[in-house]
Amino acid sequence: MTKYGSFPGARPRRLRTMPAMRRMVAEYRLHPADLILPAFVREGVGEPVPIGAMPGVVQHTRDTLRKAAVEAVEAGVAGIMLFGVPLDEKKDGAGTAGTDPDGILQQAIRDVRAEVGDDLVIMSDLCLDEYTDHGHCGVLDSEGRVDNDATLERYAEMAQVQADAGVHVVGPSGMMDGQVGVIRDALDQTGHEDVSILAYTAKYSSAFYGPFREAVGSSLKGDRKTYQQDPANLRESLRELALDLDEGADMVMVKPALPYLDVLAKIADAVDVPVAAYQISGEYAMIEAAAEKGWIDRDKAIMETLTGIKRAGANMILTYWATEVARAL
């Protein structure tokens with residue numbers, strides 16, 4: 001190494017000497033507009049219902065959801081991703097509550113659109129799992145397997161009713177082959193050309209979804225390994241990416257976030273469309289639980305993980321801390 005006067009001549013620590021210096025030379029910065037708030041709305045409840053495995057997160061009433069949307073706008077959050085939780089007695093094998101124009105998710109979309117208009121990007125989960133009595137993301141065939149093509153017909157119906165309700169972006173999360181193309185056609189043929197698709201391009205079969213299943217009152221029997229991606233695979237995500245883009249995806253997403261930052265980085269390097277990552281329920285729960293035990297600094301851990309997700313290439317981050325973090329920023 002060349003010596004310039006005294007050793008060492010190169011001292012990167014000079015750029016870490018004080019908060020103002022570190023802020024000035026920071027390579028990545030979080031912004032409220034990077035954040036999207038996932039929110040659950042439950043049918044038939046008069047008060048918000050706390051989610052035990054996700055401290056601080058609730059199943060909203062329609063009224064409290066409207067309030068949460070307003071708070072998100074005021075904090076500068078970019079979007080809200082809505083999940084409907086229907087009454088158990090409305091669940092059936094075809095998930096018909098998901099395509100009912102007066103179903104809980106469609107009501108929530110209309111509520112939020114009426115409350116905040118275009119000040120918040122309103123997104124909707126386009127999947128059947130919340131509405132089926134078996135908890136899978138599609139309809140089943142005679143042998144109990146998820147029927148890909150029959151499910152696509154249901155997704156086309158869901159896209160139409162969600163768009164009719166006023167959603168700006170649909171988020172097909174079921175990992176059915178061909179779902180983006182079918183949904184794009186359904187939207188275009190029903191006069192909803194301006195509704196965007198946020199494709200769940202790389203959605204892995206993950207152990208970190210556990211708290212989410214409580215959040216949506218899942219009736220899942222078995223697992224989703226035959227349609228969600230295997231955690232061992234990376235190239236497969238790039239194949240899914242190529243298919244989604246070819247079918248008309250406007251934005252793409254990796255889910256979960258932290259265990260798949262390598263996948264996120266590969267996808268971000270490969271595309272010229274916006275890339276999202278979903279910091280899912282298990283990621284949230286781990287930080288909250290460890291912080292409650294006093295094992296980590298909660299606020300610092302939240303900011304560090306979100307910064308890491310952005311550094312890996314995410315333009316947008318779905319996180320249950322969206323409003324809180326946006327206020328802090």
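Every heavy atom of this structure was used, including side-chain atoms; hydrogens, water molecules and symmetry mates were not.
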Residue pair Cys127, Tyr200: steps toward the side chain to side chain contact (heavy atoms under 4.5 Å, CB included) verdict:
CA-CA 11 Å; Cys127 195; Tyr200 283 60; over 6 Å; no

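- Minimum heavy-atom separation, Val252 to Leu241: CG1-CD1, 3.9 Å.
- Placement of Leu87 and Leu105 in two distinct hydrophobic clusters is found when ILVMFWY residues are connected by side-chain heavy-atom separations under 4.5 Å, directly or transitively.
- Side chain of Gln179 to main chain of Met176: a donor-acceptor pair is present (N/O by atom type, distance under 3.5 Å, no hydrogens or angles).
- Residues Gln59 and Phe83 have side chains not in contact (no heavy-atom distance under 4.5 Å, counting atoms from C-beta outward).
- Considering only residues two or more places apart in sequence or on other chains, Asp250 meets the salt bridge (charged side-chain N to carboxylate O under 4.0 Å, His left out) condition with Arg184.
- Val273 and Leu243 fall into different hydrophobic clusters, where Ile, Leu, Val, Met, Phe, Trp and Tyr side chains are chained together by heavy-atom contacts under 4.5 Å.
- No donor-acceptor pair under 3.5 Å is formed between the side chain of Arg66 and the backbone N or O of Val112.
- Glu240 contributes no side-chain N or O that, together with a main-chain N or O of Glu236, makes up a donor-acceptor pair within less than 3.5 Å.
- Residues passing the salt bridge (charged side-chain N to carboxylate O under 4.0 Å, His left out) test with Glu288 are Arg298, sequence neighbours excluded.
- Of all the heavy atoms in Ala150 and Val139, the pair that sits closest is CB-CG2, 3.6 Å.
- Residues Glu43 and Arg62 are not paired through a salt bridge, judged by the lack of any N-O separation under 4.0 Å between the basic side chain and the carboxylate.
- Side chains of Thr190 and Gln160: a donor-acceptor N/O pair is absent below 3.5 angstrom, by distance only.
- Here the closest heavy-atom approach between residue Tyr155 and residue Cys137 is recorded as OH-O, 2.6 Å.
- Few gaps surround CZ on Arg327; more than 12 heavy atoms of other groups in view lie less than 6.0 Å from it.
- Atom NZ of Lys310 sits in a crowded spot, with more than 12 heavy atoms from other residues, nucleotides or ligands closer than 6.0 Å.
- A salt bridge links Asp88 with Lys91: the distance from a Lys NZ or Arg NE/NH1/NH2 to an Asp or Glu carboxylate oxygen falls below 4.0 Å.
- The backbone N or O of Gly138 sits nowhere less than 3.5 Å from a side-chain atom of His136 that would complete a donor-acceptor pair.
- With contacts defined as side-chain heavy-atom distances shorter than 4.5 Å, the pair Gln279/Thr305 qualifies.
- Under the 4.5 Å side-chain criterion, counting only non-hydrogen atoms from C-beta, Asp230 is not in contact with Ser205.
- When only modelled atom types and interatomic distance are considered, Asp118 and His168 share a side-chain donor-acceptor pair under 3.5 Å.
- A donor-acceptor contact shorter than 3.5 Å links the side chain of Asn148 to the backbone of Asp177.
- Within the 3.5 Å criterion, the main-chain N or O of Thr99 finds no donor-acceptor partner in the side chain of Tyr131.
- In the displayed structure, Asp194 atom CG is contacted under 6.0 Å by at most 12 heavy atoms of other residues, nucleotides or ligands.
- Residues Met175 and Tyr278 are members of separate hydrophobic clusters, defined by side-chain heavy-atom contacts under 4.5 angstrom among Ile, Leu, Val, Met, Phe, Trp and Tyr.
- Comment: Arg154 does not engage Asp149 in a salt bridge, judged by the lack of any side-chain N to carboxylate O separation of less than 4.0 angstrom.
- The closest donor-acceptor contact from the side chain of Ser124 to the backbone of Leu126 lies at 3.5 Å or more, if one exists at all.
- Put simply, the side chain of Glu283 gets close to the backbone of Ile280: a donor and an acceptor are under 3.5 Å apart.
- For the pair Ser281 and Tyr284, the minimum side-chain heavy-atom distance is 4.5 Å or more.
- Residues Leu187 and Ala159 come closest through the heavy atom pair CD2-O, 3.7 Å.
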Do Arg42 and Val45 pass the side chain to side chain contact (heavy atoms under 4.5 Å, CB included) test, and can you show the C-alpha distance, the side-chain angles, and the key distance before you say yes or no?
CA-CA 7 Å; Arg42 180 171 172 177; Val45 294; 3.6 Å; yes

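- There is no path of hydrophobic side-chain contacts, each under 4.5 Å, that joins Leu65 to Val58.
- One distance of note links CE of Met316 with CE of Met81; it measures 9.0 Å at 0.5 Å rounding.
- Ile183 and Val161 are assigned to two separate hydrophobic clusters, defined by single-linkage of ILVMFWY side chains at heavy-atom distances under 4.5 Å.
- Closest of all the heavy-atom pairs between Thr61 and Pro48 is CG2-N, 3.8 Å.
- Atom CD of Gln229 and atom OG1 of Thr201 lie 9.0 Å apart (nearest 0.5 Å).
- Among the candidates His192, Gln106, Arg110, the single residue satisfying the side chain to side chain donor-acceptor pair (under 3.5 Å) test with Asp164 is His192.
- Here the side chains of Met303 and Leu30 are in contact, with some heavy-atom distance below 4.5 Å.
- Two residues are said to be in side-chain contact when any heavy atoms from C-beta on lie closer than 4.5 Å; Val180 and Leu245 fail this criterion.
- Heavy atoms only, all atoms of each residue included: Ala301 and Ile296 are closest at CB-CD1, 3.8 Å.
- Residue-environment remark: CZ (Arg22) exceeds the threshold of 12 foreign heavy atoms within 6.0 Å.
- Separation of atoms CG (Leu82) and NE2 (His60) is listed at 9.5 Å; rounding is to 0.5 Å.
- The shortest side-chain heavy-atom distance between Asp92 and Thr132 does not fall under the 4.5 Å cut-off.
- With hydrogens and angles disregarded, a donor-acceptor distance shorter than 3.5 Å links the side chain of Lys203 to the backbone of Ser173.
- Looking only at side-chain heavy atoms (C-beta outward), Ile317 and Ile36 stay at 4.5 Å or farther from each other.
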Decide yes or no on side chain to side chain contact (heavy atoms under 4.5 Å, CB included) for Thr319 and Leu37, but give the supporting numbers first.
CA-CA 6 Å; Thr319 175; Leu37 176 68; over 6 Å; no

Let me see the working for Leu264 and Val275 under side chain to side chain contact (heavy atoms under 4.5 Å, CB included), right down to the final yes or no.
CA-CA 8 Å; Leu264 175 60; Val275 177; 3.6 Å; yes

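- No more than 12 heavy atoms of other residues, nucleotides or ligands lie within 6.0 Å of CZ in Arg13, so this atom counts as exposed by the packing criterion.
- Using modelled atom types, one side-chain atom of Glu247 and one backbone atom of Gly181 make a donor-acceptor pair closer than 3.5 Å.
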